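Note on naming: letters A, B, ... go to the chains in the order of the sequence lines (proteins, then strands), and numbering restarts at 1 for each one. The structure displayed is predicted, hence computed values, not measured ones.
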Amino acid sequence: MLRYIGKRFLLILPTIFVPLIMVFLLLRLSPGDPAGMILGDQATAEQIAALRAELGLNEPLGVQFVIWLKNIVTLDLGNSLFFRDPVVEIIPRYAGVTVGLATIALVLAILIAVIAGSFSALKRNSIVDRSIVTTTVLGISVPEFWFALILVFVFAVTLRWLPVAGYTPPSAGIIAWGTSIALPALALGIRQSALMTRMMRSSMLDVLGEPYITTARAQGLPEHVVIGRYAMKTAAIPVVTVVGLSAGYMLGGTVAIEIIFALPGLGRLLVEAVARRDFPVVEGGVLAISLILAALNLIIDIIYAIIDPRIRYK
Amino acid sequence: MTSSISSNILVVEDLSLSLKSGKTVLPIITNVSFSVSKGESVALVGESGCGKSITASAILGLPPENAVVTGSIWLNGIEISKLDKQGRRKLCGQKIGFIFQEPMTALHPTLTIGRQLTDTLRLHLGLSKRAAMDRAAELLDRVGIPRPREILKGYVHELSGGMRQRVMIALAISCGPELVIADEPTTALDVTIQAQVLDLLDEMRAELGLAMVFITHDLEVVGDHCDRAVVMYAGDVIEYGSSQDVVSSPSHPYTVGLIDATPANNEDRDRLVPIPGTVPPVGHWPSGCRFAPRCSLSDDHCRSRPEFMKANVTDIRCWHPDGRVSQ
Amino acid sequence: MNAHTNVEAAPLLAVSSLSKRFGDVNAVRNVSFEIERGKTFGLVGESGSGKSTVARLVLRLLEPTTGAVHFDGQDIGLLNASKLRSERQHMQMIFQDPYGSLNPRMTVEEIIAEPMLVHNLGTVKDRKATAERLIGEVGLPKSSLSRYPHEFSGGQRQRIAVARALSTRPTFIVADEPVSALDVSVQAQVLNLMCDLRDQYQTTMLFISHDLRVVQFMCDVIAVMYLGQIVEQGPRQRIYEVPSHPYTRALLSSAPGTDRDKRTVLEGEIPSAHNVPKGCAFCTRCPIAENICRERAPQTTQVEDGHSVACHFA
């Protein structure tokens with residue numbers, strides 16, 4: 001098991017560095033002078049030269065890369081050109097919001113999917129099953145931002161149960177945090193949830209037809225054990241595979257959601273940093289997202305190995 | 001019949017099962033009757049689609065969802081066919097053990113073997129986790145699995161075919177059942193392993209006094225390992241008797257044909273004698289005698305459904321118990 | 001065929017010292033045999049014995065690690081791709097699975113005519129005529145030609161597979177467990193059919209099965225395989241009357257229908273091909289094994305004309 005985890009860990013390193021290298025190259029190789037781009041049209045030649053020196057842009061590309069790599073590894077990401085604070089301090093403040101949002105969205109999505117998908121499979125061809133399937137089609141076809149607006153209209157504007165936008169940190173109380181993040185999480189999770197529900201349903205249907213389920217019944221195990229333990233254990237495997245993809249997708253989706261709900265998250269920070277040409281923050285943001293994704297994939301791989309012992313040996 | 005109900009472990013009487021889909025009702029098995037006493041092994045023999053496995057599922061109380069079951073099933077003097085679904089489920093694993101053909105798919109792929117065994121043991125015998133583990137290890141040892149403690153921690157994919165089937169047998173006998181139903185338990189195994197598993201089943205049956213329903217398509221296995229044989233064709237029982245009699249002096253034209261069609265072990269023949277035609281598709285049985293369209297003896301009589309008649313040494317559902325076409 | 005008339009007396013197929021490794025698995029080890037023209041050669045063995053690998057090596061669907069296959073006097077290992085292709089019309093194969101081996105999207109006529117099409121034999125009209133003749137010869141009505149495989153039962157599909165194999169009038173057919181998936185009454189029909197057509201077309205056949213009863217019925221010469229090796233080989237009557245290898249004896253006596261007191265039930269499992277026992281591969285399960293068997297692999301010796309055994313005690 002440890003060897004398996006070690007192997008997985010080595011495999012995720014490229015997933016962290018490839019996007020970073022792309023950002024490095026994008027910044028350096030884009031037409032025009034980065035320092036000029038950062039400082040804008042009004043900058044004087046001296047200002048540009050000073051910034052070039054500060055960013056180390058006068059060195060050859062290879063040397064720049066080595067310096068850049070060393071800085072990344074030592075977590076010296078420089079200062080934000082806009083906030084003037086060190087990037088390593090800015091990023092975690094925003095990343096926390098995003099990770100919280102995505103986690104809640106993911107948990108909601110999985111919960112809904114497992115319950116609705118299993119139920120749908122168990123009541124195959126019933127009215128409940130058909131309405132669940134129809135709902136998932138809707139869920140898959142509707143884009144997040146549109147769904148977000150509907151949610152805001154229903155729960156915030158009409159019913160006035162939840163705030164329209166804005167963010168309350170967990171330090172101000174878990175409930176307050178929860179109400180501020182409920183609608184964004186739902187909006188973010190719904191589409192993935194619909195996908196996962198369909199996957200859960202078809203996976204559960206397959207598993208229910210397996211001989212080992214008949215064996216479990218023939219052993220006299222009560223139906224809730226047969227479904228809850230014997231069927232769920234294998235039916236969940238394909239869903240876990242999708243969770244990794246869904247999580248990645250959600251991190252991307254947070255950009256729109258954070259803007260709509262005015263949440264101070266990583267997605268919004270990144271968009272704004274690009275607009276402000278705050279390149280150290282862009283690099284830091286990409287690094288953070290890569291790290292989060294890599295960690296997530298590692299966790300999923302480990303969960304995968306725990307629930308399916310067959311793959312540890314491959 | 002009442003006396004046989006009390007002296008037998010299993011009595012199946014007039015069991016019929018049909019499958020309903022929409023407005024059509026397909027008869028799958030019709031008027032199946034047989035009994036099994038303590039320590040006895042009764043074979044349900046027939047080719048695929050004859051209804052032998054679905055008979056087993058009806059005895060277990062786990063027929064397909066759209067099945068309509070009639071007739072009665074008695075287990076040790078109790079008419080279990082009258083019990084509700086939960087009552088039936090409680091008997092499974094406890095009073096009735098079940099062994100499947102393909103142990104690779106019949107055992108859970110991602111739960112440990114120990115977990116599967118102890119789940120059953122704890123449910124029916126109320127054992128603690130530890131006691132159940134100990135009992136599970138004893139069971140594995142009993143069915144000839146080396147290093148049982150290690151195997152309990154492992155998974156089915158780590159075992160060979162023969163070992164898997166031994167685990168399946170351990171599971172079936174784990175709670176001391178009165179009846180074990182084995183559905184083609186050795187069909188998926190290699191010949192030399194098949195012999196081992198068949199011997200193990202015989203041994204378990206003798207030692208635990210199990211009544212056994214042995215489902216197979218192989219008449220030669222029946223002759224070796226079963227006391228009595230019930231031959232099925234197209235959802236009907238068409239012949240029954242002692243397994244020796246059924247194998248060596250069968251009277252129903254189908255059983256005769258089946259034995260003639262088997263490439264025999266010690267005989268030199270240039271041609272086999274097949275049964276003409278094919279088994280009709282499941283549920284679309286011919287009216288009257290269901291074997292008539294493939295039978296060389298069939299005549300006008302065979303348009304109506306035959307009752308059981310005494311033939312040479314067995315009983316057959318056939319209008320021609322003397323084996324001759326009537327004049 | 002005319003080019004090879006000088007070798008008419010020679011065996012049609014000669015396999016010499018054939019071995020095949022897959023990674024660290026020795027699937028086939030030093031297998032040699034010959035098949036005379038017009039004879040049927042049976043390969044018997046349990047799962048993992050390597051019999052199906054031999055079939056694929058013989059047809060050069062797999063490349064052997066060492067050893068050679070001579071077909072009609074030619075070393076097929078030396079043929080280039082186009083020569084091999086044209087030689088293949090003389091060798092056809094019938095598979096075990098009547099459900100998987102026929103393309104579900106082709107009509108029966110297309111299936112039967114396909115090998116002729118591949119080898120560019122005859123005109124469209126000829127191929128149609130051949131398909132019509134063959135479907136009758138395998139005992140199916142002409143109307144079957146326009147139907148699809150899923151409309152047929154297992155036995156009928158295997159008849160179609162036989163018709164397809166015969167369409168190029170091959171001199172050699174490899175049948176890999178052709179009746180294992182069929183019920184006894186249907187199995188007898190297909191076996192009879194294969195016998196009749198073999199005699200009618202004077203086809204040489206390599207017949208692979210785990211079922212001793214079937215092999216006894218079909219074959220003139222039989223080779224018994226265990227863990228990648230041929231342990232005994234000889235004329236059918238001799239193998240069944242005086243089996244000389246302890247494995248052959250056990251195999252024959254394990255078959256259902258053998259008198260109980262005459263049975264030898266082998267202990268233990270077939271070892272994994274990853275881990276073939278030292279010395280004689282059968283020594284771990286052999287009832288008569290001595291020290292020498294665990295140390296030295298036995299040579300293959302002739303016990304009588306055409307009957308050879310690989311055992312220290314034969």
Side-chain angles (χ1 to χ4, degrees), chain B residues 45-50 144 146 159-163 166 186-200 202 216-225 233 247-248 254 257-281 294, chain C residues 44-49 139 152-156 179-196 199 209-218 226 236-237 240-241 247 250-260 263-272 282 285:
Chain B
V45 208
E47 299 181 280
S48 42
C50 73
L159 300 177
S160 69
M163 285 297 150
R166 285 170 195 270
T186 60
T187 307
L189 303 177
D190 280 318
V191 194
T192 58
I193 306 299
Q194 176 178 350
Q196 294 173 355
V197 171
L198 286 170
D199 283 358
L200 175 68
D202 284 352
T216 180
H217 68 280
D218 192 336
L219 272 164
E220 304 200 29
V221 171
V222 173
D224 284 356
H225 297 273
Y233 179 80
V247 174
S248 53
Y254 173 67
L258 207 55
I259 288 171
D260 282 349
T262 312
N265 238 340
N266 303 304
E267 221 175 311
D268 249 344
R269 269 193 295 195
D270 285 345
R271 287 185 67 82
L272 301 167
V273 189
I275 303 173
T278 48
V279 183
R294 302 176 71 188
Chain C
V44 213
E46 299 179 276
S47 50
S49 63
F152 296 89
S153 69
Q156 290 168 328
V179 294
S180 303
L182 306 178
D183 277 316
V184 180
S185 67
V186 179
Q187 177 178 312
Q189 296 171 359
V190 175
L191 286 174
N192 276 342
L193 174 76
M194 287 179 73
C195 274
D196 292 347
D199 296 346
S209 179
H210 69 283
D211 189 331
L212 290 155
R213 295 173 285 196
V214 170
V215 171
Q216 185 185 20
F217 173 73
M218 282 297 291
Y226 186 79
R236 168 188 41 187
Q237 291 91 343
Y240 282 85
E241 282 161 22
Y247 178 65
L251 208 55
L252 287 171
S253 79
S254 304
T258 313
D259 285 342
R260 198 166 272 246
R263 283 200 321 182
T264 334
V265 174
L266 287 180
E267 286 182 10
E269 305 270 318
I270 306 166
S272 141
F282 186 55
R285 301 174 75 200

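- With a 4.5 angstrom heavy-atom cutoff, C:Ser47 touches chain B via backbone and side-chain atoms both.
- Looking at B:Pro276, only its backbone comes within 4.5 Å of chain C, counting heavy atoms on both sides.
- Neither the backbone nor the side chain of C:Asp211 has a heavy atom closer than 4.5 Å to any heavy atom of chain B.
- Ring planes of C:Tyr226 and C:Phe282: perpendicular class, angle over 60° (limits at 30 and 60°).
- Each of B:Val191, B:Thr186, B:Leu189, B:Val222 has some count of heavy-atom pairs under 4.5 Å with chain C, and the biggest count is that of B:Val191.
- Looking only at side-chain heavy atoms (C-beta outward), B:Pro146 and B:Met163 come within less than 4.5 Å of each other.
- Of the listed residues (B:Gly277, B:Pro281, B:Gly49), the one with the most heavy-atom contacts under 4.5 Å to chain C is B:Gly277.
- Defined by atom type and a distance below 3.5 Å, a donor-acceptor pair is missing between the side-chain atoms of B:Glu220 and B:Thr262.
- Taken from CG in C:Leu191 to CZ in C:Arg213, the straight-line distance is 11.5 Å, to the nearest 0.5 Å.
- Considering only heavy-atom pairs separated by less than 4.5 Å from chain B, the leading option among C:Gly48, C:Gly268, C:Ser272, C:Gly155 is C:Gly268.
- Rounding to the nearest 0.5 angstrom, the gap separating the CD1 atom in B:Ile193 from the CD1 atom in C:Ile270 is 5.0 Å.
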